Amino acid sequence: MMGKARPGVVVRVIDEDGRAAGVVATPMTTVRTNQAGRIAVAADPDRGVERACWLLLPSTSVLPLSAILERRGDVSNRLFVELDAAMSEWFGRAWRQTDPALARPIKRARPLHPKRRRR
């Protein structure tokens with residue numbers, strides 16, 4: 001993200017021709033704001049989350065596998081269910097099939113496209 005390594009959660013692994021080619025990942029931050037599209041993650045050192053943080057749904061991107069430096073932990077099933085529901089709300093129910101960022105081969109990072117929001 002913006003030229004620096006950032007922790008995040010892999011939401012989906014993308015296959016091309018039967019092999020993993022990239023991932024959809026949501027970055028994390030420890031900076032608290034009231035912006036829409038953030039999901040709180042409690043500290044859980046046993047799972048690799050050292051302190052409370054937030055997932056940044058608006059910054060969810062498609063990344064090539066080479067962008068993943070290391071695996072440090074995982075998230076609970078409850079959080080993953082919450083994240084999946086939030087992804088459907090933020091990007092639309094059919095985002096896995098219809099998002100333009102997923103329509104091309106994965107050579108570089110591309111952000112997903114949030115659905116239009118009513119004000």
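Numbers here simply count residues along the sequence, with the first being 1. Remember, predicted model here, so these are calculated numbers, not experimental data.
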Checklist entry - Can you check whether H113's main-chain N or O pairs, donor with acceptor, with D99's side chain at less than 3.5 Å? => result yes
Checklist entry - Got a donor-acceptor contact below 3.5 angstrom from the T29 side chain to the P27 backbone? => result no
Checklist entry - How about N77: does its CG atom have over 12 heavy atoms from other parts shown lying under 6.0 Å from it? => result no
Checklist entry - Could D84 and R12 be called an ion pair, given the rule that one side-chain N must be under 4.0 Å from one carboxylate O? => result no
Checklist entry - Are any of the side-chain heavy atoms of I14 and V23 separated by less than 4.5 Å? => result no
Checklist outcome for this item: Correct closest heavy-atom pair for A67 and L63 would be CB-CB, 4.1 Å
Checklist entry - Minimum heavy-atom separation for P111 to S61, with atom names? => result CA-OG, 3.6 Å
Next on the checklist: Please determine whether residues V9 and W54 belong to a single hydrophobic cluster, defined as Ile, Leu, Val, Met, Phe, Trp and Tyr linked transitively by side-chain heavy-atom distances below 4.5 Å.
Outcome noted: no
Next on the checklist: If I compare all heavy atoms of F91 with all of T60, which pair ends up nearest, and what's the gap?
Outcome noted: CZ-CB, 3.8 Å
Item to check | Nearest heavy-atom neighbours spanning L112 and V24 | outcome: CD1-CG1, 3.9 Å
Next on the checklist: Grouping I, L, V, M, F, W and Y whenever their side-chain heavy atoms are under 4.5 Å apart, do L57 and V62 come out in a common cluster?
Outcome noted: yes
Next on the checklist: For the backbone of A101 and the side chain of R110, can you confirm whether one donor and one acceptor N or O come within less than 3.5 Å of each other?
Outcome noted: yes
Checklist entry - Going only through I, L, V, M, F, W and Y residues with side-chain contacts under 4.5 Å, is there a path from V81 to L79? => result no
Next on the checklist: According to a hydrophobic-cluster definition based on side-chain heavy atoms being under 4.5 Å apart (Ile, Leu, Val, Met, Phe, Trp, Tyr only), do F80 and M28 belong together?
Outcome noted: yes
Item to check | L55 side chain near R38 side chain, heavy-atom distance below 4.5 Å | outcome: no
Checklist outcome for this item: Rounding to 0.5 Å, atoms CG (L65) and CD1 (I106) come to a distance of 7.5 Å
Next on the checklist: Once rounded to the nearest 0.5 Å, what's the spacing between atom SG of C53 and atom CZ of R32?
Outcome noted: 13.0 Å
Next on the checklist: Determine whether R51 and T30 satisfy the following criterion, side chain to side chain donor-acceptor pair (under 3.5 Å), listing intermediate values before the conclusion.
Outcome noted: CA-CA 8 Å; R51 60 187 190 171; T30 55; 3.2 Å; yes
Checklist entry - Mind checking whether P7 and R72 have side chains closer than 4.5 Å, heavy atoms only? => result no
Next on the checklist: I need the minimum non-hydrogen distance between A43 and E50, along with the two atoms involved.
Outcome noted: CB-O, 3.9 Å
Item to check | Within one Ile-Leu-Val-Met-Phe-Trp-Tyr cluster: W95 and W90, side-chain cutoff 4.5 Å | outcome: yes
Checklist outcome for this item: Separation between CZ (R96) and OG (S88), nearest 0.5 Å, reads 5.5 Å
